[in-house]
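Side chains included, hydrogens not; waters and symmetry mates left out as well; all remaining heavy atoms used. Naming convention: chains lettered A, B, ... in sequence-line order (proteins, then strands); numbering from 1 in each chain.
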Amino acid sequence: MFVSLLSCVDMCHFSCRHCMSYPFAEIEPKWQQWWEEQGLYRSSERPGIPKFYVLDMFPYPSAAGLHIGHPEGYTATDIVARYKRMRGYNVLHPMGFDAFGLPTERYSMQTGIHPRIATEQNVANFRRQLKMLGFSYDWSREIITTDPRYYKWTQWMFTLLYNSWYDPEHQKARPISELPLPAGLTDPLELQAYQDRYRLAYLATMPVNWCPELGTVLANEEVDEWREKGYTVEQRSMQQWMLRITAYAERLLQDLELLQWPESTLEMQRNWIGKSLGATILFPVHGHPGLSIEVFTTRPDTLFGATFIVLAPEHPLVEQLTTPEQRPVVESYRQEVAQRLERERLEQERPKTGAFTGSFALHPATGEKLPIWIADYVLLHYGTGAIMAVPAHDERDHAFARALGLPIRQVVTPVNGDSWDITEAAFTADGIACNSTAEGISLDGLPTPQAKERILQWLEATGHGRRSVSYKLRDWLFSRQRYWGEPIPILYYEDGTRRALQLDELPVVLPERVAFLPTGRPESPLAAIREWVFIQDPKTGKPARRETNTMPQWAGSCWYYLRFLDPHNDAWFCDPEKERYWMQPNGVDLYIGGAEHAVLHLLYARFWHKVLYDYGYVSTPEPFYRLFHQGLILGEDGRKMSKSLGNVINPDDIVARYGADALRLFEMFLGPLEATKPWSTKGIEGIARFLNRLWRLIVEEDGSLSPSITDDPLTEEQEFLLHSTVKKVSEDIEALRFNTAIAQMMVFVSEVQHMERRPRALLEPFLLCLAPFAPHIAEELWHRLGHTDSIHTQRFPDYDPQKATPRQIEVVFQVNGKVRAKAQIPFGLSEEELRRMALEHPNVLRFISGRSIRQTIVIPNRLVNVVVD
RNA sequence: GCCCGGAUGGCGGAACCGGUAGACGCACGGGACUUAAAAUCCCGUGGGGUGUAAACCCCGUGCGGGUUCGACUCCCGCUCCGGGCACCA
């Protein structure tokens with residue numbers, strides 16, 4: 001009985017939903033097919049017509065299919081693309097797939113399905129889902145980064161980097177052949193080693209994160225993710241390809257000025273680049289004539305407070321500086337540190353440890369002997385890998401001095417003259433210099449900024465140091481020991497020389513037959529395919545070995561926005577004329593994607609773009625001028641959607657139940673685009689109601705056109721409703737405030753619902769406003785109203801500012817800032833008239849009686865505030 | 001620890017340049033239609049109070065101050081939440 005009752009309710013629910021909902025399941029695929037047949041969203045260069053390039057961050061096609069978060073950003077760009085088209089712009093709105101990467105390779109290891117096949121399947125599913133949502137992509141421009149016709153150019157760009165050096169004088173990349181060489185450098189291996197120090201892509205041996213189970217190195221940002229899944233990650237020293245992104249640090253920082261990006265993202269990039277101004281100072285080593293330790297500091301004004309020197313444990317001078325007596329201590333400390341690196345480095349306030357080398361440096365101003373220590377709180381890769389320790393004015397140095405009993409000398413006092421207990425804590429703020437006098441130099445009494453300037457001049461004049469700049473940014477580790485990535489196009493010869501392949505030799509195609517299972521050896525599965533690795537080089541006739549490492553996942557996304565401009569060109573990555581047409585003057589005009597790419601993809605792509613710019617291959621210094629991040633959509637429970645929590649919403653289910661238009665509208669209505677906000681199943685039902693109400697304005701229950709539709713001219717009220725709606729919707733689209741645009745459209749529908757006669761002149765412009773948001777229902781109703789051409793090729797309606805202002809408006813009368821009365825007045829009523837009305841209003845009189853009026857403030861069309869004693 | 005965001009009804013949110021706080025949606029309550037339900041439509045809904053009623057009053061945008069005729073909005077000092085970086089000299 002219970003069961004039958006349930007099924008009855010279910011059936012009723014089911015059948016009612018079908019008879020009451022507009023037929024989205026029919027009309028959505030119908031129009032999608034029609035649009036495709038008509039080629040409605042194809043774009044081509046049309047000189048003289050203003051262009052608009054609106055781009056999504058293309059997805060990684062996982063086996064799980066589209067996540068509910070994908071349609072959020074994609075709908076936003078689609079609304080803008082459709083709106084701009086209707087405004088007469090030549091819009092480029094492409095889509096593709098970023099398909100190389102570890103997740104697919106892992107999937108293949110588990111299922112035995114070849115990554116190429118798995119990618120094809122996943123892409124097909126993603127493409128189906130994207131088409132189901134009715135996005136206006138120009139699918140003829142689709143690209144997939146794993147296509148050899150695409151990655152040919154990714155490989156070519158690598159060779160461009162390899163064949164370039166950064167000329168600091170001209171501040172740009174130049175061909176390596178133009179690198180000035182030292183006289184007498186003729187040996188090929190020596191020449192190669194010399195050039196390697198300048199190439200933008202170079203080999204370096206360094207400690208990396210190696211995961212034995214995965215059989216690959218991992219990027220630093222990937223380590224935590226895999227450790228959480230139970231994999232081990234260890235440090236290994238391996239030879240790796242690096243990209244010299246640090247050469248571009250200053251330009252990457254400076255050009256952020258050109259961009260309209262979220263402040264948080266700009267800030268993250270600035271922090272990531274991490275520019276510090278300061279000085280490098282030379283400390284001669286006692287007993288080693290001619291040998292100096294170079295330190296970097298941002299506080300040269302505290303030079304007189306330096307009481308010891310600390311080198312990074314891996315610093316190249318440690319060997320030479322360690323005295324025989326101290327060797328055992330130093331050696332054991334270095335080993336301890338090397339092992340510690342393998343453990344988590346996360347322990348926040350690790351106690352300071354170190355070892356004394358036995359040597360001393362000489363203070364450049366006082367000649368005092370300063371002990372030279374090594375400690376792991378000094379990092380090899382930042383600054384010069386060595387510091388002058390000023391425990392009085394640096395917290396870390398203070399902690400170290402306290403832990404090891406080293407002297408602390410105060411050389412800066414608080415500006416306000418307060419005393420400061422320097423043994424208790426470091427004083428790190430700016431202040432007034434003291435105890436800072438030696439022969440020929442004194443800083444005493446100078447405020448910190450002036451003290452810095454004085455000491456810098458002294459350092460430069462005496463040759464003890466110079467102004468310098470340091471960046472946190474490090475070079476980009478670019479190789480992976482993976483199969484599913486772009487092969488790095490390098491050949492090695494038996495004599496130790498190597499060369500990058502030339503354009504006519506690209507692409508280096510990924511061999512199809514491969515064993516994916518990790519070998520346990522620190523090399524790519526490609527290394528096992530001997531017939532692919534070992535070849536006779538056709539250009540030189542010499543036996544050669546291919547590079548078996550592949551590129552990281554980020555490579556393909558570094559330039560895809562350029563390939564969309566000319567996706568089928570086999571002769572060049574992008575025709576220069578097409579590049580100029582679509583990229584001038586502001587590159588990608590709108591780029592929307594997740595904030596998780598704030599520093600990785602968005603920094604890497606900017607770097608590659610600048611290299612291409614230096615060669616004149618692209619015409620703008622930056623790729624993406626306006627960037628926006630869509631916020632995360634949480635599960636209905638307010639937690640992040642995840643399979644294990646069971647709160648994942650699948651777009652396929654939503655579209656089946658409510659239609660694509662409802663999903664699109666709802667994701668935009670949820671809240672501000674950039675906000676994190678929870679999904680709500682009840683909420684989408686509200687959107688479905690709105691669309692049904694709209695449908696019933698025009699279509700009768702039997703499917704015929706509503707008899708309420710007339711050819712009447714608009715009344716004044718109707719004109720106001722229409723023009724204020726057009727104004728609100730167009731302004732909100734430009735500002736990406738889709739939630740409030742939809743709210744206004746809801747107001748419109750509610751009002752029209754109550755009209756017995758519904759003029760076409762009211763409904764049709766409204767459908768044009770709705771078309772970018774809900775393209776299917778707008779197209780269907782447009783056709784039902786008798787049109788035969790597409791609504792999406794119409795002009796977006798203009799509004800008349802006069803008609804968008806109401807005739808009557810409510811104003812408030814305040815007494816001392818409190819609302820005491822309201823009144824309906826004609827819009828634009830004069831200040832005098834308003835003031836008179838306020839002062840005559842009984843409720844106002846009641847509050848001002850017996851008091852004297854000090855002031856009356858009149859804000860036309862808004863309020864009158866009467867200020868009384 | 002440092003850097004960036006944010007905090008508004010029962011919930012998601014709105015309020016553009018300092019000018020009616022709570023648009024729009026959800027949820028909830030009442031009503032109409034219906035044998036009944038669903039769907040649909042109408043009315044109400046920040047909290048408290050006075051009044052038969054029409055109305056009217058007080059409080060209210062995380063907390064404490066300030067500027068202003070007037071503050072969700074600006075300034076100073078906190079609390080909590082989210083994100084990023086993290087021994088960067």
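- Listed here is the closest heavy atom pair of A:V864 and A:A838: CG1-CB, 3.6 Å.
- Between A:S750 and A:E731, the residue anchored closer to the 5' end of RNA chain B is A:E731, taking for each the nucleotide with the nearest heavy atom.
- At the heavy-atom level, A:H754 lies under 4.0 Å from the strands shown only through sugar-phosphate atoms.
- The CE atom of A:M746 sits 12 Å away from the C1' atom of B:A23 (whole-angstrom rounding).
- Backbone-only engagement by A:T676 is indicated by non-hydrogen atom pairs under 4.0 Å involving sugar-phosphate atoms exclusively.
- Checked by distance alone, A:K472 brings no side-chain donor or acceptor within 3.5 Å of a matching partner on the base of B:C85.
- Taking a pair to require two hydrogen-bonding distances under 3.5 Å in either a Watson-Crick or a G-U wobble arrangement, B:C56 pairs with B:G49.
- Base orientation of B:G9: syn (glycosidic angle within 90° of 0).
- The partner of B:A23 cannot be assigned: no Watson-Crick or G-U wobble pair with both contacts below 3.5 Å exists in any strand.
- Between B:C74 and B:C16, the two P atoms lie 11 Å apart (nearest whole Å).
- Heavy atoms of A:I857 sit under 4.0 angstrom from at least one base atom.
- Residue contacts for A:K818: at a heavy-atom cut-off of 4.0 Å it reaches the sugar-phosphate backbone alone, with no base atom in range.
- In a base pair of the Watson-Crick type (N1 to N3 plus N6-O4 or O6-N4) or a G-U wobble (N1-O2 and O6-N3), with each distance short of 3.5 Å, B:G1 is matched with B:C85.
- Per the geometry, CG belonging to A:N861 stands 16 Å off P belonging to B:C16, to the nearest Å.
- When Watson-Crick and G-U wobble pairs are counted only if both distances are under 3.5 Å, B:U79 pairs with B:A7.
- Candidate nucleotides B:U40, B:A15, B:C69 were compared by shortest atom distance to the side chain of A:R696, and B:U40 ranks first.
- With respect to A:R854 and A:D869, a salt bridge is recorded, a charged nitrogen being found less than 4.0 Å from a carboxylate O.
- B:G70 and B:C17 have their C1' atoms separated by 15 Å, given to the nearest Å.
- Ranking B:C4, B:A23, B:U20 by closeness to the A:V819 side chain, first place goes to B:U20.
- Note: CG (A:N271) to C1' (B:C3) measures 6 Å, nearest angstrom.
- The distance between atom CZ of A:R854 and atom C1' of B:G70, rounded to the nearest whole Å, is 14 Å.
- Listed nucleotides B:C24, B:C57, B:C26 differ in distance to A:A743; the shortest reach to its side chain belongs to B:C24.
- Across all strands, A:V378 comes closer than 4.0 Å to base atoms (heavy-atom distances).
- Note on A:N843: only backbone sugar-phosphate atoms sit closer than 4.0 angstrom, heavy atoms only; bases stay farther off.
- Separating the CG atom of A:L603 from the P atom of B:C85 is a distance of 13 Å, rounded to the nearest angstrom.
- Look at B:C17: its glycosidic torsion is within 90° of 0, and that puts it in the syn range.
- Contact annotation for A:V812: base contact, defined as any heavy-atom pair under 4.0 Å involving a base atom.
- When heavy atoms are screened at a 4.0 angstrom cut-off, A:Q814 is found touching base atoms of the nucleic acid.
- Figure legend. B:A15 is base-paired to no nucleotide; pairs are counted as Watson-Crick or G-U wobble with both atom distances under 3.5 Å.
- In this entry B:C41 has B:G31 as its Watson-Crick or G-U wobble partner, both defining distances falling under 3.5 Å.
- Taking the side chain of A:F669 as heavy atoms from C-beta on, and the options B:G12, B:A15, B:C69, the nearest nucleotide is B:G12.
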Subject >> Stepwise salt bridge (charged side-chain N to carboxylate O under 4.0 Å, His left out) test for A:E731 and A:K727 >> reply: CA-CA 6 Å; A:E731 286 175 355; A:K727 178 175 195 279; 3.4 Å; yes
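- Cation-pi geometry between A:K352 and A:F400 is not met: the NZ or CZ atom fails to fall both under 6.0 Å from the ring centre and inside 45° of the normal.
- Spacing between atom CH2 of A:W679 and atom P of B:G12 amounts to 17 Å, rounded to whole angstrom units.
- A:M668 has its CE atom 19 Å from the P atom of B:G12, to the nearest Å.
- The CD atom of A:Q753 sits 8 Å away from the C1' atom of B:C41 (whole-angstrom rounding).
- Nearest-nucleotide positions on RNA chain B place A:S264 closer to the 5' end than the other of A:K727 and A:S264.
- Partner A:V858 forms a side-chain contact (heavy atoms from CB on, under 4.5 Å) with one of A:L834, A:V811, A:L829 and no other, that one being A:L834.
- Among the atoms of the strands shown, none is found under 4.0 Å from any heavy atom of A:S680.
- Figure legend: cation-pi geometry between A:R820 and A:F813 absent, as NZ or CZ is not positioned both under 6.0 Å from the six-membered ring centre and within 45° of its axis.
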Original post:
Run the ring-ring contact (aromatic ring centres under 6.0 Å, His included) check on A:F283 and A:H464 step by step: do they pass?
Top reply: CA-CA 8 Å; A:F283 285 76; A:H464 289 302; 9.2 Å; no
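- Going from the P atom of B:A32 to that of B:A36 covers 11 Å, rounded to whole Å.
- Separating the C1' atom of B:G46 from that of B:A14 is a span of 15 Å, rounded to the nearest Å.
- Salt bridge A:E636/A:K682: absent, no basic N to carboxylate O contact under 4.0 Å.
- In this structure, A:F748 reaches neither bases nor backbone, as no heavy-atom distance under 4.0 Å exists between it and the strands shown.
- Taking a pair to require two hydrogen-bonding distances under 3.5 Å in either a Watson-Crick or a G-U wobble arrangement, B:U68 remains unpaired.
- If you check B:C87, B:G12, B:A14 against the side chain of A:P678, the one that comes closest is B:G12.
- Nucleic acid contact for A:R270: none, since no nucleic acid atom lies under 4.0 Å from a heavy atom of the residue.
- The C1' atoms of B:G60 and B:A7 are separated by 16 Å, rounded to the nearest whole Å.
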